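Take a look at the structure set out below.
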Amino acid sequence: SSSTSSAAAAAASLPASPLHHRSSLRTARALPTLLTITTSTTDIEAEALWTWLAQKGAVSDEATAVRPACVHHGRGLLAHRTISQGDELLSIPRKLWINLETVKASAIGRFCEGLKPWVAIALFLVREKAQSNSSWRPYLDILPQALDSPLFWSDEELAELQGTQLLGSTLGYREYVESEVNELFDKVIKPNPDLFDSSLFTYDAFLWAFGILRSRTFAPLTGDELALVPLADLVNHLAGLEVEKPCWEKTTAGIFTRQEVLLMRAAKTFHAGQEVVMQYGKSKNNAQLALDYGLVEYDAFSGSNNRDSFMLTLEIPKSDRLFDDKLDIAQLNGLDSSVYFDLTRGQGPPESMLTFLRLTALGGSDAFLLEALFRNTVWDHLSSPVSRDNEESICEAMIEGCKSALYGYQSTVEEDLLLLNNDNLDPRTRIAVVVRQGEKCVLQEVQTWFEARMNELDQLEYYAERRLRDLGLLDEKGNMTAWARASFII
Ligand SMILES: C[S@@+](CC[C@H](N)C(=O)[O-])C[C@H]1O[C@@H](n2cnc3c(N)ncnc32)[C@H](O)[C@@H]1O
């Protein structure tokens with residue numbers, strides 16, 4: 001049927017927009033032991049940043065709870081003394097953030113009217129980075145030149161992502177950045193050669209700035225409030241870290257002049273010398289962690305990973321002769337003809353997805369449920385199996401969809417797991433392998449779920465039986481009641 005093929009095609013499709021990543025709730029994972037780090041080499045750039053922040057009154061050697069240092073993942077923050085959960089770690093005043101205000105107050109401010117915050121800040125970063133006498137030099141010097149997000153991978157490295165949704169999102173983001181850069185180049189950079197040296201404002205330079213902004217900004221300083229906060233952006237992520245409250249907090253401080261500050265609080269207790277870490281996003285899946293931060297979570301011991309996910313797109317085919325009626329029901333329930341479902345490892349298909357699938361596959365002798373009489377109740381009816389035919393067709397569609405999506409990957413889960421046993425796997429290949437095996441595991445789980453359902457089609461209760469039971473015409477065992485038998489005899 002057309003709904004079958006559409007759901008099958010849908011199972012393999014990519015997120016519609018690179019900017020609309022869906023999130024879902026995930027369960028807790030075990031917390032790895034924190035490592036105590038000792039640094040031997042002097043980090044000249046970090047020292048310069050510290051001195052600069054001290055001169056501006058943002059930090060002091062005497063009062064500080066944390067200090068920047070070289071750690072496993074580039075630079076990070078080390079506890080200077082024992083810190084309890086919830087303690088203040090640092091407080092950086094607004095005048096030291098790089099945000100839209102900073103850009104507006106700069107020499108290029110008058111060109112930023114109407115620009116998206118990230119575009120304006122990226123323009124500022126690229127220009128400022130090239131100026132040796134920039135007043136932001138100590139901060140600019142600690143920004144990494146190379147990032148591990150797939151946005152920056154070579155074609156050869158990207159080939160490891162063949163078949164994955166992450167590859168689609170990566171290419172989508174690149175296209176998006178390119179179109180923004182082209183527009184900016186034509187409207188702002190080219191017409192103002194006195195302020196902008198056009199050779200600096202390349203696609204690569206903007207992509208770097210985009211990567212810096214995605215990997216170093218955290219709520220609440222995102223969206224229109226987007227801001228880079230020196231020192232606070234040196235905190236690294238710890239896999240599995242449970243947090244009660246966000247670590248970044250925007251508040252006001254100061255006795256005489258109340259000024260806005262970014263306050264960072266400790267997510268847990270840290271002892272002197274330990275690395276202070278935070279949780280970058282409990283609801284982000286591995287593909288999002290990879291894109292934003294160039295990292296993934298993978299637990300080689302448990303094998304399970306609630307960061308594994310697959311975003312499924314389902315749609316009511318336009319060719320369906322019942323399209324208008326089905327769309328009406330979907331819209332009445334807050335959906336549209338095309339819907340994304342974020343499937344997460346170990347969680348099975350969400351109820352709303354099963355309901356939408358049943359709606360999509362509705363036809364034949366079940367089409368009466370689309371009549372006006374049922375308009376307000378049909379969604380409820382669809383939340384349980386409707387008929388054997390309907391349930392069978394959604395199972396077939398999903399099994400086919402999963403198989404065809406799985407066919408698109410170049411390796412099996414088993415091959416990937418073997419690769420992940422190799423401790424010397426380079427970081428980018430590791431990211432690719434973790435993401436692709438995660439997507440496949442989710443698809444396999446979904447396929448297994450629908451295969452199991454296919455095997456129990458004869459045991460399920462369908463709409464007709466439920467109606468008879470509701471009317472008191474079937475008893476608990478599914479037999480007709482005496483009253484029903486009597487009515488049939490009459
Ligand atoms: C907010 S910055 C943290 C400071 C960064 N380490 C530096 O040297 O500038 C985020 C970046 O740190 C790195 N990072 C943080 N936590 C990590 C982790 N658990 N595993 C791998 N890389 C991590 C990633 O490169 C990420 O994009």
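It should be emphasised that the depicted structure is a prediction, and the values quoted were computed from it without experimental measurement. In listed order, ligands and their atoms are each counted from 1. Side chains included, hydrogens not; waters and symmetry mates left out as well; all remaining heavy atoms used.
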Discussion item. Quick test of your reading of the model: are Arg137 and Glu128 salt-bridged, counting only N-O distances below 4.0 Å?
Written reply: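 Salt bridge absent between Arg137 and Glu128.
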Discussion item. Assess whether a salt bridge exists between Glu160 and Arg428, defined as any Lys/Arg side-chain N lying under 4.0 Å from an Asp/Glu carboxylate O.
Written reply: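 No salt bridge links Glu160 with Arg428.
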Fill in: Verdict with supporting geometry, Tyr139 and Trp52, ring pair (Phe, Tyr, Trp, His ring centres under 6.0 Å)
CA-CA 9 Å; Tyr139 175 65; Trp52 180 70; 7.2 Å; no
Item to complete: Determine the sole option in Thr222, Leu263, Val229, Thr217 for which the side-chain contact (heavy atoms from CB on, under 4.5 Å) test with Trp248 is passed.
Response: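 Of the listed options, the one satisfying the test is Val229.
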Fill in: Shell of residues surrounding ligand 1, defined by a 4.0 angstrom heavy-atom cut-off that is strict
His73, Gly74, Arg75, Ser215, Arg216, Phe218, Asp233, Leu234, Val235, Asn236, His237, Tyr280, Tyr293, Leu295
Fill in: Exceeds 12 heavy-atom contacts within 6.0 angstrom, atom CG of Asp155
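No, CG of Asp155 has 12 or fewer neighbouring heavy atoms, counting only those of other groups under 6.0 Å.
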Run the side-chain donor-acceptor check on residues 195-202: report pairs under 3.5 Å with partners two or more places apart or on a different chain.
residue, atom, partner, partner atom, Å
Asp197, OD1, Ser199, N, 3.1
Asp197, OD1, Ser199, OG, 2.8
Asp197, OD2, Ser199, OG, 3.4
Thr202, OG1, Ala205, N, 3.1

